[in-house]
Amino acid sequence: MEIFKIWAILGFVFLFVEIMAPSMFFLPLGGAAFFAAIAAFKYPDNYWIQGAMFALFAIIFFLVTRPFMQKKPQKFEQTGVEAKYIGQQAQVIKDIAVPNTDGIGVIKIYGETWQAKSVDGCEIKTGDMVKIIRNESLIMFVEKCKE
């Protein structure tokens with residue numbers, strides 16, 4: 001078998017491995033193997049030129065693909081309860097932190113009612129406006145808005 005075919009097969013093997021395990025590591029090696037196959041077709045008896053072409057293009061392709069290999073920090077995107085409710089104001093429709101209720105009251109926001117507890121344990125009366133600080137499961141933790 002001619003040497004340029006071996007280089008080409010090696011290039012396809014590198015590309016296949018890259019497809020199976022996307023890591024952007026084998027892609028430059030596959031590209032470099034194809035350039036080494038071209039060199040092997042032109043200079044079939046000179047293994048130094050083939051190896052040099054493989055090494056040179058592997059380095060070039062690694063430098064070109066390096067920005068794609070590095071993981072970019074993803075912007076933290078809040079979804080669900082955090083994005084919609086946290087930091088928003090709501091109206092108390094059932095007193096919060098009243099004795100004999102485990103401190104649980106009810107707030108209304110966006111036409112929805114939620115169970116709520118006071119962050120600092122102070123009593124909040126019906127009709128007061130509160131700010132939602134955090135949530136745990138189905139309970140919103142709130143603090144009274146400063147007027």
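Computed over heavy atoms, backbone and side chain alike; hydrogens, waters and symmetry mates excluded. For reference, positions follow the sequence shown, starting with 1.
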- Query: Is there a side-chain contact between Glu112 and Lys84 (heavy atoms, below 4.5 Å)?
  - Reply: yes
- Query: Do Ile107 and Ile96 come close enough that some side-chain heavy atom pair is under 4.5 Å?
  - Reply: yes
- Note, Ile109 side chain near Trp114 side chain (heavy atom, < 4.5 Å): yes
- Rounded distance [0.5 Å steps], CD1 in Ile132 versus CD1 in Ile86: 6.5 Å
For residues 15-37, run the donor-acceptor check on the side chains, cut-off 3.5 Å, and write out each pair with its distance to 0.1 Å, sequence neighbours left out.
unit_1, atom_1, unit_2, atom_2, d
Glu18, OE1, Met24, N, 3.3
Glu18, OE1, Phe25, N, 3.3
Glu18, OE1, Phe26, N, 3.0
Glu18, OE1, Leu27, N, 3.2
Glu18, OE2, Ser23, N, 2.9
Glu18, OE2, Met24, N, 2.6
Ser23, OG, Phe25, N, 3.3

- Out of curiosity, does Met1 fall in the hydrophobic cluster containing Tyr47 (side-chain heavy atoms, cut-off under 4.5 Å, transitive links)? yes
- Item | Closest non-hydrogen atom pair between Ala97 and Gly121, with its separation | CB-O, 3.7 Å
- Reported CG-to-CG distance for the pair Asp128 and Asp95, which is rounded to 0.5 angstrom: 8.5 Å
- Residues, nucleotides or ligands: over 12 heavy atoms within 6.0 Å of Phe61 CZ: yes
- Query: Distance-only, no hydrogens or angles: does the Asn46 side chain make a donor-acceptor pair with backbone N or O of Tyr43 under 3.5 Å?
  - Reply: no
- List, by chain and number, the other hydrophobic cluster members for Ile133, where Ile, Leu, Val, Met, Phe, Trp and Tyr join if side-chain heavy atoms come within less than 4.5 Å, directly or indirectly. Ile104, Val119, Ile139, Phe141
- Task: Indicate if Leu63 and Phe14 have the same hydrophobic cluster label, given that clusters are the connected sets of ILVMFWY residues with side-chain heavy-atom separations under 4.5 angstrom.
- Result: no
- Message: Ignoring hydrogens and geometry beyond distance, is a side-chain donor-acceptor pair present between Trp48 and Gln50 at under 3.5 Å?
- Response: no
- Note on the structure: Here the gap from Lys131 atom NZ to Gln89 atom CD, rounded to the nearest 0.5 Å, amounts to 8.0 Å
- Message: Is it the case that over 12 heavy atoms from other parts of the model lie below 6.0 angstrom from the CG atom of Asp102?
- Response: no
- To the nearest 0.5 Å, tell me how far Ile6 CD1 sits from Ile9 CD1. 7.0 Å
- Query: So, for Lys125 and Glu123, which heavy atoms are closest and what is the spacing to 0.1 Å?
  - Reply: NZ-OE2, 2.5 Å
- Item | Passing option when Val92 is tested against Val142, Val106, Val130 for side-chain contact (heavy atoms from CB on, under 4.5 Å) | Val130
- Within the distance-only criterion (no hydrogens, no angle test), does the side chain of Tyr85 pair as donor or acceptor with the backbone N or O of Asn135 below 3.5 angstrom? no
- Query: Mind checking whether Ile60 and Trp7 sit in one hydrophobic cluster, side chains of I, L, V, M, F, W, Y counted as touching below 4.5 Å?
  - Reply: no
- Is it true that Glu143 and Lys117 have a side-chain N and a carboxylate O under 4.0 angstrom from each other? no
- From Glu136 CD over to Gln115 CD, what is the distance, rounded to the nearest 0.5 angstrom? 13.0 Å
